[in-house]
Amino acid sequence: MNKIEELFNSKIEVLNVGLELFTQSFVDLEISCVQVEWKPEAGGNQKLLDALSLLEDM
Amino acid sequence: MGFNIKEANSEGLHRMNAAMPLLVDIKFAKDVLPNMTKNTIGHAGPPLPWDEMCGPLQGAILGAIKYEGLADSLEAAKELVLAGGINFVSNHSMNAVGPMTGMITYSMPLFEVYNETFGNYAYCPINEGLGKVMRFGANDDSVIERLKWLENTLSYALKDAIKLSGPINLKVILSQALAMGDEMHQRNIAASSLFARKILPFIVQVVDNKQELTRISEFLTGNDQFFLNLAMALGKATMDPVKDIEGCTLVTAMSRNGTNFGVKVSGLGEQWFEAPVNMPKGLFFPGFTEEDANPDIGDSAIVETIGVGGFAMGAAPSVVKFVGAKSVKEAVNYTNDMWEITAGKSNQYIMPSLEFEGAPTGIDIRKVVQTGILPVINTGMAHKTPGIGQVGAGIVTAPMKCFEQALFAFAELANK
């Protein structure tokens, strides 16, 4: 419990991976937040992922 | 089919870095381009039929027909086209490249660039200058007159000057210009100045007529984009030896015809992988808006293919405002992104403002698809109506579909 209290009473710095909407929420609360640009590999397209996987080990 | 992509890509990157492009001569298209005839017109981008061509490309073609004396009016030129009297060819298939509409015809003088390391040649027309020019689809008498002057006067002066000077190392000029803030696509002022400094001492020795000398000097020094065409020929000369490396997933050409964007890949031979071009986003000259712009066009994306242009935007802060990027930081981010999709870095095109790192070199189709990061191109924007000219400059991306199609083709090859 003490560790949790410690965390919530300390200066929080946030790394957000994904939806920028979440970063904006922290910015609005004046909490430091770094937005990490991330997309699923090949847009999540399974056929492309299969092709990439085939060529990866060659 | 068993191939070693890692080794093949390493070889591709090595060939790009080992290129030694030298300007060695001025030659006429009829003398050096394969299958060039009086009725052949080379154009930018992958092949396409007349009825799929955009306005500026059609306008340029009609002007080119007049330039070659095949018709004495634009109407007669169009009749000739519709009667099947003109053979359209993609410049890339003739060891050549041309900016924007990319017109190359029988009588045109071309820069001849020799890649000394691999013994191959590449060609590009001389830059016409700014304003109302054929590369933007203009085709009136002033355009034809200027092209005739290039053919009959400037070309011979340059040819004689180069003969006197000896081969001119374009790689060194590009490297120096990059360090001076050019990116060699939308900003060539340093490169053009360095080239003028190199060639003018020889021009003055080979041109006796003072009036001619004045016009030539003014032409060479008055066009900030003069070096673009040399950079393009350098790019083509650099990339052609990277073709046909078995198992190599590096891009050897990117080009647009105003309708489709085409990509070629080393290990996939001469096949174009095509998708509809994107519309550049950028800044417009006063009086023009996005409504006026033509979609992306030109062989000039060969500059990005070798790792400069949009890829080196981080080293060219002065181009930021011209192409409508938000900030220098955004320009640096573009270069950072391009490092994510390339096989390596250039050993000669170094960017001092980016901690002396080499330009992103060797676009890997796998990385493009995997990351979702598209090659970024700095480009001029033509008016969609032929004859008006450039309306702005901007940033455009290559379409993802080209790289996806190429990836599937590579996987199919691997499965054979």
Side-chain angles (χ1 to χ4, degrees), chain A, chain B residues 1-12 245-251 265-268 273 275 329-330 332-341 343 363-374 376 397 399-416:
Chain A
M1 199 57 151
N2 282 339
K3 284 201 187 276
I4 294 172
E5 281 175 5
E6 220 177 279
L7 175 67
F8 286 150
N9 284 310
S10 62
K11 184 170 184 269
I12 295 175
E13 300 205 22
V14 181
L15 202 69
N16 183 57
V17 180
L19 287 177
E20 274 191 65
L21 191 63
F22 295 136
T23 293
Q24 192 54 48
S25 302
F26 285 105
V27 168
D28 291 344
L29 290 170
E30 294 180 4
I31 295 172
S32 164
C33 183
V34 173
Q35 172 66 26
V36 176
E37 283 194 29
W38 176 84
K39 293 178 201 176
E41 271 196 15
N45 181 309
Q46 193 56 53
K47 286 185 180 167
L48 290 171
L49 288 168
D50 289 342
L52 285 170
S53 178
L54 174 71
L55 299 176
E56 191 180 7
D57 297 321
M58 296 192 108
Chain B
M1 185 183 279
F3 35 61
N4 188 320
I5 294 179
K6 194 174 171 185
E7 266 181 29
N9 285 358
S10 179
E11 175 62 20
I245 301 173
E246 189 182 86
C248 181
T249 57
L250 303 187
V251 170
V265 180
S266 173
L268 295 173
F273 295 93
K329 191 174 173 189
E330 185 176 276
V332 170
N333 283 344
Y334 277 122
T335 298
N336 281 332
D337 280 352
M338 296 305 101
W339 275 319
E340 297 286 331
I341 59 170
I363 302 164
D364 188 338
I365 58 169
R366 299 173 304 164
K367 292 186 179 186
V368 172
V369 174
Q370 185 176 28
T371 62
I373 296 171
L374 292 165
V376 67
T397 51
M400 179 56 83
K401 207 168 168 194
C402 298
F403 301 92
E404 290 175 350
Q405 288 174 9
L407 187 79
F408 284 137
F410 223 98
E412 200 175 326
L413 196 61
N415 273 329
K416 279 191 180 160

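Below, read A as the first sequence line, B as the second, and so on, with proteins coming before strands; counting in each chain starts at 1.
- Summarising the local packing, CZ of B/F408 is surrounded by more than 12 heavy atoms from other residues, nucleotides or ligands at distances under 6.0 Å.
- If you tally non-hydrogen atom pairs under 4.5 Å between each of B/E7, B/E404, B/M400 and chain A, the highest count goes to B/E404.
- In B/E412, the CD atom is not crowded: 12 or fewer heavy atoms of neighbouring residues, nucleotides or ligands sit closer than 6.0 Å.
- Applying the salt bridge (charged side-chain N to carboxylate O under 4.0 Å, His left out) test to residues at least two apart or on different chains, the pairs with a partner in residues 11-37 of chain A are A/K11-A/E13.
- Here B/I5 contributes atom CD1 and A/L55 contributes atom CG; the two are 4.5 Å apart, rounded to the nearest 0.5 Å.
- Heavy-atom proximity under 4.5 angstrom to chain B picks out A/P40, A/E41, A/A42, A/K47, A/L48, A/A51, A/L52 from residues 40-53 of chain A.
- Here the closest heavy-atom approach between residue A/L54 and residue B/A411 is recorded as CD2-O, 3.5 Å.
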